[in-house]
Colleague: 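Sharing a structure below in structure tokens format, with a few things to ask.
What you are looking at is a predicted structure, and each value in this text was computed from that prediction instead of being measured.
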Amino acid sequence: MSDDSNRNTDPAPVPFTRRQFLPLLGATAAAALTPRALFAAPGGQPGRPSAAQARFVYVGTYTAPGVPPGGTHPSTALGIYAFTMNPSDGSLALFQTVPASNPSFLALDPSLSHLYSVNEDDPGNVSAYTINAANGSLAFINSQPAGGSFTTHVSVHPSGQYVMAANYGSGNFPVYPIVAGGALAPMSDLFQSVGNGTGPNPARQEGPHAHQILTDPDATHVFGVDLGADKVDALDLDLATGTFSPGEVPFVPVASGSGPRHMAFHPDRKHAYVLDELVSSITVFNYDPNRGAFIWVQTIPTLPKGFTGNNTTAEIRIHPDGQFLYNTNRGHNSVTMYEIDQDTGKLEVIGWESTRGEWPRGMNIDPSGTFLYAANQNTDSIAVFRIQPSNGKLKFSTLVTTPTPVDVEFGALV
């Protein structure tokens with residue numbers, strides 16, 4: 001990882017990318033407008049899922065010509081890739097490629113009529129697109145500066161009024177009003193997370209590193225996950241002004257050196273799950289939605305006993321029916337499957353499923369809860385699995401070839 005003091009802070013004609021900022025971990029490892037619309041790394045709506053239906057699917061990427069973070073070879077991706085999903089086997093058929101610079105993470109608004117992406121560069125940006133309701137195609141609207149570097153995550157507030165993002169390099173969280181036509185207005189606030197600068201992992205925790213921003217299930221509180229500071233910032237968003245303020249309990253600590261990356265809330269609104277990237281574990285909390293407060297319940301490893309290789313976790317998703325949870329392992333190259341105790345929220349490992357590729361960074365579950373998609377960044381593929389409703393286990397369905405996939409997000413029905 002580069003030190004900030006070694007980088008030129010003047011604007012560059014070509015954006016500096018996070019692939020130049022992070023160590024090449026992959027080489028060493030073998031790298032309806034309701035608040036329910038956005039659970040936390042959502043994979044659909046809570047409740048018993050229905051059968052899968054054909055819908056539009058959008059995939060974010062790290063783009064050419066560089067090597068992505070954790071990558072092993074230069075990317076050939078050009079931007080955002082738009083597909084239609086076949087409900088019989090989950091396979092994807094490409095119908096559009098939208099040029100963009102490092103649109104690694106995507107988010108759709110509650111109406112599924114607009115898509116927002118990060119541009120994970122230095123400086124970073126957040127971009128807006130309109131979605132053609134008839135054919136699912138994207139058209140660029142505008143872009144706004146992110147107020148920081150390496151913008152790595154974006155989400156839409158369930159009110160449909162604001163877009164929020166996380167800047168990994170600078171450790172801060174911008175927010176933007178959504179105006180007529182889905183465009184992004186200039187930033188209304190920028191919350192700066194604070195790290196202690198002496199984290200146990202000096203290569204990744206020398207300062208704050210914002211990695212995700214999301215609301216709780218009822219959109220009462222906003223949470224910013226900070227890998228560098230071993231905490232989750234708890235915020236309140238004023239919908240009248242678009243400004244952040246610290247929550248009643250201003251942050252949630254995790255064990256020192258854990259490096260929290262992403263988190264997810266259970267549909268019961270009583271439990272939250274934080275994925276610890278640097279130590280390959282999940283921390284389970286009881287959640288108090290009134291105060292936005294967390295109480296530790298369990299920490300469970302994501303890897304099988306005896307595994308000695310390098311690994312970092314990447315994505316965490318909860319099945320729409322709330323019975324199962326899944327995370328990706330980069331290095332072990334697998335999805336860990338868990339059963340969720342419906343009373344305590346504790347996790348029990350069901351098993352591990354190979355992603356049939358390398359460096360599974362992004363992962364998502366289609367809104368019906370039928371298919372899980374694991375994006376193998378370093379082998380240019382997305383593995384599609386059918387989720388067994390009786391036990392949560394994954395059954396391999398098909399492999400989709402697409403360059404340097406990162407995030408998989410679901411749009412409207414075809």
Side-chain angles (χ1 to χ4, degrees), residues 32-55 57 85-90 107-108 110 112 155 158 214-219 262-275 282-287 289 297-298 300 302 315-328 334-353 355 360 362-374 382-397 407-413:
L33 310 183
T34 69
R36 293 187 175 198
L38 192 64
F39 266 57
Q45 304 297 328
R48 180 63 60 179
S50 58
Q53 295 176 274
R55 64 175 62 246
V57 178
M85 184 187 87
N86 184 333
S88 65
D89 62 358
L108 278 74
L112 304 182
S155 65
L214 66 157
T215 71
D216 63 2
D218 293 315
H262 283 185
M263 65 180 294
F265 286 93
H266 194 278
D268 69 3
R269 294 161 165 74
K270 298 178 181 179
H271 301 97
Y273 302 82
V274 176
L275 184 64
I282 294 174
T283 304
V284 183
F285 294 93
N286 286 334
Y287 177 61
V297 172
Q298 178 193 30
I300 184 171
T302 71
E315 190 58 277
I316 183 170
R317 305 281 185 177
I318 294 177
H319 192 274
D321 69 9
Q323 294 188 72
F324 309 108
L325 182 147
Y326 305 86
N327 79 266
T328 56
S334 66
V335 175
T336 313
M337 305 167 284
Y338 309 84
E339 184 174 7
I340 303 174
D341 186 298
Q342 298 301 297
D343 294 321
T344 66
K346 288 185 177 181
L347 301 177
E348 182 179 351
V349 174
I350 298 170
W352 292 265
E353 183 69 30
T355 61
M363 177 261 293
N364 211 342
I365 300 169
D366 90 275
S368 75
T370 304
F371 297 107
L372 181 147
Y373 294 76
I382 299 172
V384 185
F385 300 91
R386 186 178 293 274
I387 301 172
Q388 306 303 298
S390 61
N391 57 22
K393 290 184 177 181
L394 302 180
K395 182 179 180 181
F396 178 69
S397 178
D407 181 39
V408 180
E409 297 292 335
F410 300 97
L413 297 177

Colleague: Look up atom CD in Glu353 and atom NZ in Lys395, then write down how far apart they are to the nearest 0.5 Å.
Modeller: 11.5 Å
Colleague: Show your working on side chain to side chain contact (heavy atoms under 4.5 Å, CB included) between Phe285 and Val297 and close with a plain yes or no.
Modeller: CA-CA 5 Å; Phe285 294 93; Val297 172; 5.5 Å; no
Colleague: Could you tell me which non-hydrogen atom of Met263 sits nearest to which non-hydrogen atom of Ala272, and how far apart they are?
Modeller: CE-CB, 4.1 Å
Colleague: What residue among Ile282, Leu347, Val335 forms side chain to side chain contact (heavy atoms under 4.5 Å, CB included) with Asn327?
Modeller: Ile282
Colleague: Show your reasoning for whether side chain to side chain contact (heavy atoms under 4.5 Å, CB included) applies to Ile300 and Val349.
Modeller: CA-CA 9 Å; Ile300 184 171; Val349 174; 4.0 Å; yes
Colleague: Is any NZ, NE, NH1 or NH2 atom of the basic residue among Asp341 and Lys270 found under 4.0 Å from an Asp or Glu carboxylate oxygen of the other?
Modeller: no
Colleague: Heavy atoms only: give me the nearest Pro320-Pro267 pair and the separation to one decimal.
Modeller: O-CG, 4.1 Å
Colleague: Which pair of non-hydrogen atoms, one from Met363 and one from Glu315, has the smallest distance, and what is that distance?
Modeller: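 Looks like O-CG, 3.3 Å.
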Colleague: Would Asp366 and Arg317 count as a salt bridge (Lys or Arg N to Asp or Glu O under 4.0 Å) if you check the C-alpha gap in whole Å, the side-chain angles of each, and the deciding distance to 0.1 Å?
Modeller: CA-CA 11 Å; Asp366 90 275; Arg317 305 281 185 177; over 6 Å; no
Colleague: To the nearest 0.5 angstrom, please state how far the CZ atom of Phe396 sits from the CG atom of Asp89.
Modeller: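 CG of Asp89 is found 10.0 Å from CZ of Phe396.
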Colleague: What are the two closest heavy atoms between Ile340 and Tyr273, and how far apart are they?
Modeller: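 So the minimum-distance heavy-atom pair works out to CG2-OH, 3.3 Å.
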Colleague: Atom CZ in Phe265, atom OG1 in Thr215: separation rounded to 0.5 Å?
Modeller: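 Going from the CZ atom of Phe265 to the OG1 atom of Thr215 covers 7.5 Å.
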Colleague: Show, in sequence, the C-alpha distance, side-chain angles and deciding distance for Phe385 and Tyr326, and conclude whether the ring pair (Phe, Tyr, Trp, His ring centres under 6.0 Å) test is met.
Modeller: CA-CA 12 Å; Phe385 300 91; Tyr326 305 86; 9.6 Å; no
Colleague: Classify the ring geometry between His319 and Phe324 as parallel (under 30°), tilted (30 to 60°) or perpendicular (over 60°).
Modeller: perpendicular
Colleague: Report the distance from atom CD of Gln323 to atom NE2 of His266, rounding to the nearest 0.5 Å.
Modeller: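 If we round to the nearest 0.5 Å, Gln323:CD and His266:NE2 are 8.5 Å apart.
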Colleague: Might you work through the side chain to side chain contact (heavy atoms under 4.5 Å, CB included) test for Leu394 and Ile387, ending with a clear yes or no?
Modeller: CA-CA 5 Å; Leu394 302 180; Ile387 301 172; 3.7 Å; yes
Colleague: Tell me, yes or no, whether the heavy-atom count around Gln342 atom CD, taken from other residues, nucleotides or ligands under 6.0 Å, exceeds 12.
Modeller: yes
Colleague: What are the two closest non-hydrogen atoms of Gly90 and Tyr373, and how far apart are they?
Modeller: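 Minimum heavy-atom separation between Gly90 and Tyr373: O-OH, 2.8 Å.
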Colleague: Going by heavy atoms in the side chains, are Glu409 and Asn364 under 4.5 Å from each other?
Modeller: yes
Colleague: What distance separates His262 NE2 from Leu275 CG, expressed to the nearest 0.5 Å?
Modeller: 8.0 Å
Colleague: Answer whether the closest heavy-atom distance between the side chains of Arg386 and Thr370 falls below 4.5 Å.
Modeller: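 Yes - at least one pair of side-chain heavy atoms lies under 4.5 Å apart.
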Colleague: Could you report the tightest heavy-atom contact between Pro87 and Ala52, atom names first, then the distance?
Modeller: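 Looking at all heavy atoms of both residues, the shortest contact is CB-O, 3.5 Å.
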Colleague: Quick check for you: to the nearest 0.5 Å, what is the distance between His271 atom NE2 and Ile318 atom CD1?
Modeller: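 Reported value, rounded in 0.5 Å steps: 10.5 Å.
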